There are 2 protein chains.
Amino acid sequence: MIPGMAVTPTAPGAATPDDRALPLRERKRLRTRRTLAETALRMFTEKGFDATTLEELVEEAEVSKSTFFRAFPAKEAVAIEAETQLWAAYVAALEERELSGVVLVELRDALTRAAVALDPDWDRRYVATRRLILATPALLAYVDHHRTGVERQVVACLTGKLGLDDDDLRPQVLAELATTAWSVAARRWVREEGRAGREVLIRRLHGAFEAVPASLDLSASQASPAPSASLEPPASRA
Amino acid sequence: MIPGMAVTPTAPGAATPDDRALPLRERKRLRTRRTLAETALRMFTEKGFDATTLEELVEEAEVSKSTFFRAFPAKEAVAIEAETQLWAAYVAALEERELSGVVLVELRDALTRAAVALDPDWDRRYVATRRLILATPALLAYVDHHRTGVERQVVACLTGKLGLDDDDLRPQVLAELATTAWSVAARRWVREEGRAGREVLIRRLHGAFEAVPASLDLSASQASPAPSASLEPPASRA
DNA sequence: TACTCAAACGAGACTGAGTGTCATTATTTG
DNA sequence: CAAATAATGACACTCAGTCTCGTTTGAGTA
């Protein structure tokens with residue numbers, strides 16, 4: 001590939017850099033995986049997730065059903081590759097670093113690092129994926145489960161690194177706050193078609209994280225007026 | 001049908017009061033539902049969820065597959081009836097009351113009211129259900145999704161009642177904190193076979209809610225020493 | 001280059017969940 | 001008691017996901 005012509009020449013998924021370093025087998029594996037994910041995203045978007053059978057998909061991608069299930073555990077999984085990549089990077093970013101200071105900030109930064117490290121094409125795929133998910137109950141269920149799985153990993157990581165008790169609810173709460181902050185930030189970003197660049201997404205993410213502490217103090221009387229994280233709680237924390 | 005020989009005395013699952021007020025059709029519907037849930041919980045516990053086919057289940061419960069799917073949307077659903085009942089009661093308890101004061105407290109109280117209102121047999125079924133869930137990946141995924149659905153309803157309810165913006169992350173955060181508090185409280189309770197009564201469960205629940213605000217301040221240095229969090233106040237508790 | 005071993009692949013049979021149709025039966029209502 | 005209505009059971013069908021097995025293909029070695 002000539003470094004100058006960065007854009008994909010419209011071939012179904014085969015137009016990726018394919019890290020030359022890896023053994024040939026691995027490269028093929030990855031290419032098959034990418035082709036499947038790309039084909040799936042296109043077909044599901046065009047025809048709908050339910051209306052597209054697995055058989056149609058594997059025929060279009062020119063692999064067998066067996067191969068599909070060696071690459072993905074379920075039909076749903078191939079549709080949410082972009083999600084999967086993000087959260088895998090998040091968990092990896094968290095695990096590879098030592099913890100110091102406020103944990104919620106650590107989570108925010110791990111998520112930030114994960115987001116900036118994703119390949120340039122990720123933006124487009126993520127937006128399309130989110131759209132698809134919102135229109136497809138089966139995918140909604142699948143991402144719910146996937147998200148919970150990520151949170152479990154984060155909890156395990158935190159519990160381990162901090163030497164906490166298994167019944168401690170704090171890592172659980174923090175893990176959920178982090179994913180929720182992402183959800184809220186990403187929702188608006190996706191709504192704007194991701195026209196705004198990834199920096200905007202990350203800025204929104206940080207904004208969401210800052211708004212989290214104020215959530216606890218939401219009460220019925222002063223409800224709508226205070227959407228920003230301005231006021232500090234009366235007697236909340238030690 | 002001889003009117004004299006009333007309802008099956010010791011038939012599997014028919015031994016419930018059957019609110020006399022309801023129209024006959026509704027009573028039958030409910031009885032079928034209960035029978036299915038009870039039979040399912042027993043068979044799944046004995047043979048395993050995956051190893052029990054739907055056909056075996058409906059044969060044992062003496063209904064057709066059609067009837068099953070009119071009562072439950074999926075095989076998974078019949079296994080988690082106890083969960084479903086709890087969360088339905090929770091949402092109902094929240095919706096039927098006006099909000100005043102700190103929302104997190106409102107959620108805690110709605111959950112408390114829901115828990116105390118459940119039928120006496122619920123304890124046993126819930127414990128068995130949780131055990132089954134933990135041993136069954138498919139059910140784990142299903143409850144994850146179910147829980148998220150409940151949170152969505154809570155968010156919608158709060159957003160509506162408080163007149164909040166759709167992008168406000170606060171109701172989302174609060175909804176998740178509530179379900180998390182329950183999860184943590186219930187986990188230990190279930191581990192002890194629910195030998196302790198429901199009051200204990202509720203006391204644990206309140207303890208978990210109280211520990212939530214401190215979660216935000218968890219940091220790497222003062223990590224393990226200060227678990228004012230999950231461990232409930234030793235012996236003395238109001 | 002040839003040869004071997006292991007891993008990935010394709011083909012196809014098979015299981016079981018979930019859906020749709022329709023005739024039959026049970027409950028409600030007038 | 002009769003007509004309208006709703007639930008039921010039987011059955012055929014689709015399709016995701018699993019399993020088996022024979023074939024291909026890349027990796028390591030002589």
Side-chain angles (χ1 to χ4, degrees), chain A residues 14 18-37 39-40 43-44 47-80 136-142 145, chain B residues 1-3 6-8 14 18-37 39-40 43-44 47-80 136-142 145:
Chain A
D18 265 5
D19 318 24
R20 305 280 173 194
L22 275 60
L24 179 56
R25 261 201 191 145
E26 282 305 301
R27 266 184 286 170
K28 279 201 167 180
R29 265 181 71 84
L30 284 179
R31 216 182 68 209
T32 301
R33 202 186 160 82
R34 267 196 288 259
T35 306
L36 276 169
T39 310
M43 292 182 77
F44 292 164
K47 290 193 49 175
F49 178 81
D50 294 316
T52 309
T53 69
L54 214 45
E55 206 166 351
E56 291 170 335
L57 170 61
V58 298
E59 189 182 351
E60 182 86 9
E62 295 182 296
V63 296
S64 69
K65 216 166 52 147
S66 314
T67 300
F68 175 89
F69 282 107
R70 280 183 199 108
F72 297 96
K75 185 188 176 188
E76 286 79 13
V78 76
I80 64 160
T136 314
L139 291 181
L140 217 40
Y142 199 79
H145 178 50
Chain B
M1 303 279 169
I2 302 127
V7 265
T8 53
D18 266 5
D19 317 22
R20 304 282 171 194
L22 275 60
L24 180 55
R25 251 188 202 159
E26 282 305 300
R27 267 184 286 171
K28 280 200 167 182
R29 268 180 70 84
L30 284 179
R31 215 181 68 207
T32 301
R33 200 185 162 82
R34 266 195 289 260
T35 307
L36 276 170
T39 309
M43 293 182 78
F44 292 164
K47 290 194 50 176
F49 178 80
D50 295 315
T52 309
T53 69
L54 213 46
E55 206 166 351
E56 291 170 335
L57 170 60
V58 298
E59 189 183 350
E60 181 86 8
E62 295 180 296
V63 296
S64 69
K65 216 167 51 147
S66 314
T67 300
F68 176 88
F69 282 107
R70 279 183 202 109
F72 297 95
K75 185 187 175 190
E76 285 80 12
V78 75
I80 64 160
T136 315
L139 291 181
L140 218 39
Y142 199 79
H145 178 51

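Residue numbering restarts at 1 for every chain, and letters A, B, ... go by the order of the sequence lines. Just so we're clear, the structure is a prediction, and the values are computed from it rather than from any experiment.
For the pair T53(B) (side chain) and E56(B) (backbone), a donor-acceptor distance under 3.5 Å is present. For the pair E62(B) (side chain) and E59(B) (backbone), a donor-acceptor distance under 3.5 Å is absent.
Every pair passing side chain to side chain donor-acceptor pair (under 3.5 Å) that includes a residue from residues 67-76 of chain B is listed here, sequence neighbours excluded: S64(B)-T67(B).
Note that the OG1 atom of T136(A) and the CD1 atom of I80(A) stand 11.5 Å from one another [nearest 0.5 Å]. With values rounded to the nearest 0.5 angstrom, E60(B) atom CD is found 11.0 Å from L36(B) atom CG.
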Contact pattern, 5' to 3', of nucleotides 3-16 of chain D - B, S or - by protein heavy atom under 4.0 Å: --BS-BBBB---SS
